[in-house]
Amino acid sequence: MEKESYEVNLDDIVCRRAKSTDNMAEIATLIYQTDPYIYPYWFENNVDNAIKFLSDKILMPGFIFNFENLYVAIDKNNNKIVGLVVALDPSVNLNFDYMPYIKINDNYKITIEKYIYECISDIMNNDSMYIMNCAVLEECRGRRIGTKLLGHFISNMEKVGFENYRLDCLLHNLRAKNLYHSLGFKEMEEVSGFGGYIKEPVEVVVFKRHKGDYLPNEFQKREKYEGIKQ
């Protein structure tokens, strides 16, 4: 069943770093929507359990989705979180044991940790970031919220010294690929990623962006981005 459209004006969207006082269930819902293969596999397609787990753990240090690694788009009319970016830099501590909570075995845990560390190693200096997830609430898509959030994020991260970015995208996700191209990301290679519940690899495109690459004029003025990580 298709979700009802959520009316939102792009001019009413405020972009900032997540806070410990934000609505964690809204953030968790967005995290769950970012990957149609892995999270349904981890939580055996139980959305309620997934949102509860993620909501409870967002405040915990070492958790990959700790709020300090999250940047959000908020509808200022009702304080609703409608967009999310998860961004990791080389300083991130990934010391968190997922095994008691979700469907994950030792081998897969090692695979995931190895992949994340490889991504971070690829940007292993203080001026680089790995954008792990980017999502817009399903009923709000098609309104350029993702462009606004990611564009302001990049512009203001560059302002405080971050210059290089890496992200991954499913090969068939044309909407996401168009978004990344519009912000100056370039496709570097195709790799096989974990397919979760479909039990076979999925094709993933690696994108990279460097300071000085194309960025639309609307983001060049680098408006204040509240709570930027320095």
Side-chain angles (χ1 to χ4, degrees), residues 30-42 63-66 69-71 73 83-94 98 104 107-136 141 144-158 160-216 219 229:
L30 281 163
I31 292 172
Y32 188 80
Q33 290 182 1
T34 59
D35 195 305
Y37 301 113
I38 292 180
Y39 304 131
Y41 171 79
W42 274 358
F63 185 53
I64 199 166
F65 299 117
N66 179 267
N69 304 325
L70 310 180
Y71 304 82
L84 173 78
V85 166
V86 182
L88 311 178
D89 63 58
S91 70
V92 169
N93 171 19
L94 299 179
Y98 298 88
I104 181 172
N107 290 335
Y108 180 49
K109 179 175 183 289
I110 292 170
T111 300
I112 287 293
E113 289 182 345
K114 181 175 181 290
Y115 177 72
I116 296 299
Y117 278 115
E118 283 178 353
C119 291
I120 292 180
S121 296
D122 188 46
I123 56 164
M124 189 54 73
N125 53 68
N126 292 329
D127 63 0
S128 300
M129 301 192 90
Y130 170 48
I131 299 173
M132 182 176 174
N133 303 76
C134 183
V136 172
R141 293 171 188 168
R144 299 192 75 248
I145 293 172
T147 302
K148 181 171 184 176
L149 174 60
L150 192 55
H152 280 298
F153 167 77
I154 292 169
S155 180
N156 285 281
M157 291 301 105
E158 288 185 353
V160 296
F162 290 100
E163 299 183 355
N164 304 299
Y165 306 86
R166 170 188 169 137
L167 60 80
D168 311 318
C169 173
L170 291 172
L171 181 64
H172 66 263
N173 191 341
L174 297 182
R175 183 194 293 270
K177 290 169 69 175
N178 288 337
L179 165 61
Y180 304 142
H181 283 302
S182 75
L183 294 172
F185 283 88
K186 298 180 176 66
E187 295 186 30
M188 305 304 295
E189 61 178 328
E190 294 181 12
V191 298
S192 293
F194 179 72
Y197 70 89
I198 66 172
K199 302 185 185 305
E200 61 184 45
V202 294
E203 294 305 308
V204 174
V205 181
V206 175
F207 282 81
K208 291 187 180 180
R209 188 186 192 286
H210 306 286
K211 186 175 182 179
D213 288 343
Y214 172 76
L215 194 65
F219 303 116
K229 193 170 184 177

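Just so you know, these numbers come straight off a predicted model, no measurement behind them. Note that the numbering runs from 1 along the sequence shown for the chain.
- Expressed to the nearest 0.5 Å, how far CE of Met157 lies from CG of Asn164 amounts to 14.5 Å.
- A pairwise comparison of heavy atoms in Leu183 and Pro216 identifies CD2-CD, 3.9 Å as the closest pair.
- In this structure a side-chain-to-backbone donor-acceptor pair under 3.5 Å is present from Asn178 to Leu174.
- Formation of a donor-acceptor pair under 3.5 Å by the Arg209 side chain with backbone atoms of Tyr214 is found in this model.
- Distance check: Cys169 SG to Glu203 CD gives 12.5 Å after rounding to the nearest 0.5 Å.
- Looking only at distances, no side-chain donor or acceptor of Lys208 sits under 3.5 Å from a matching main-chain atom of Lys186.
- Inter-residue side-chain proximity for Asp168 and Val205 is flagged as unmet; no heavy-atom pair is nearer than 4.5 Å.
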Exercise. Determine, step by step, whether Val86 and Ile131 satisfy the side-chain contact (heavy atoms from CB on, under 4.5 Å) criterion, reporting the C-alpha distance in whole Å, the side-chain angles of both residues, the deciding distance to 0.1 Å, and the verdict.
Key: CA-CA 6 Å; Val86 182; Ile131 299 173; over 6 Å; no

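- Side chain of Arg166 to backbone of Val206: no donor-acceptor contact under 3.5 angstrom is found.
- Note that CD of Glu163 is 11.0 Å distant from CG of Asp213, once rounded to the nearest 0.5 Å.
- Side-chain contact between Leu70 and Leu84 is present, with heavy atoms from C-beta onward closer than 4.5 Å.
- No side-chain donor-acceptor contact under 3.5 Å links Thr34 to the backbone of Asn133.
- Across every non-hydrogen atom of Ile145 and Ala73, the tightest pair is CG2-CB, 4.0 Å.
- Phe185 has its side chain within reach of Ile154: a pair of non-hydrogen atoms, C-beta onward, lies under 4.5 Å apart.
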Exercise. List the steps, then state whether side-chain contact (heavy atoms from CB on, under 4.5 Å) holds for Met132 with Phe65.
Key: CA-CA 10 Å; Met132 182 176 174; Phe65 299 117; 4.1 Å; yes

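- Scanning for ring-ring contact (aromatic ring centres under 6.0 Å, His included) contacts around His181 gives Phe207, with sequence neighbours left out.
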Practice problem: Please assess Tyr180 against Cys134 for the test side-chain contact (heavy atoms from CB on, under 4.5 Å), listing each intermediate value before the final yes or no. | Solution: CA-CA 10 Å; Tyr180 304 142; Cys134 183; 3.7 Å; yes

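- Between Leu171 and Lys177, the closest side-chain pair of non-hydrogen atoms falls below 4.5 Å.
- Residues satisfying the salt bridge (charged side-chain N to carboxylate O under 4.0 Å, His left out) test with Arg175, not counting sequence neighbours, are none.
- Pairing each heavy atom of Glu158 with each of Lys211, the nearest pair is OE2-CA, 3.6 Å.
- Between Phe153 and Met129 there is a side-chain heavy-atom pair separated by less than 4.5 Å.
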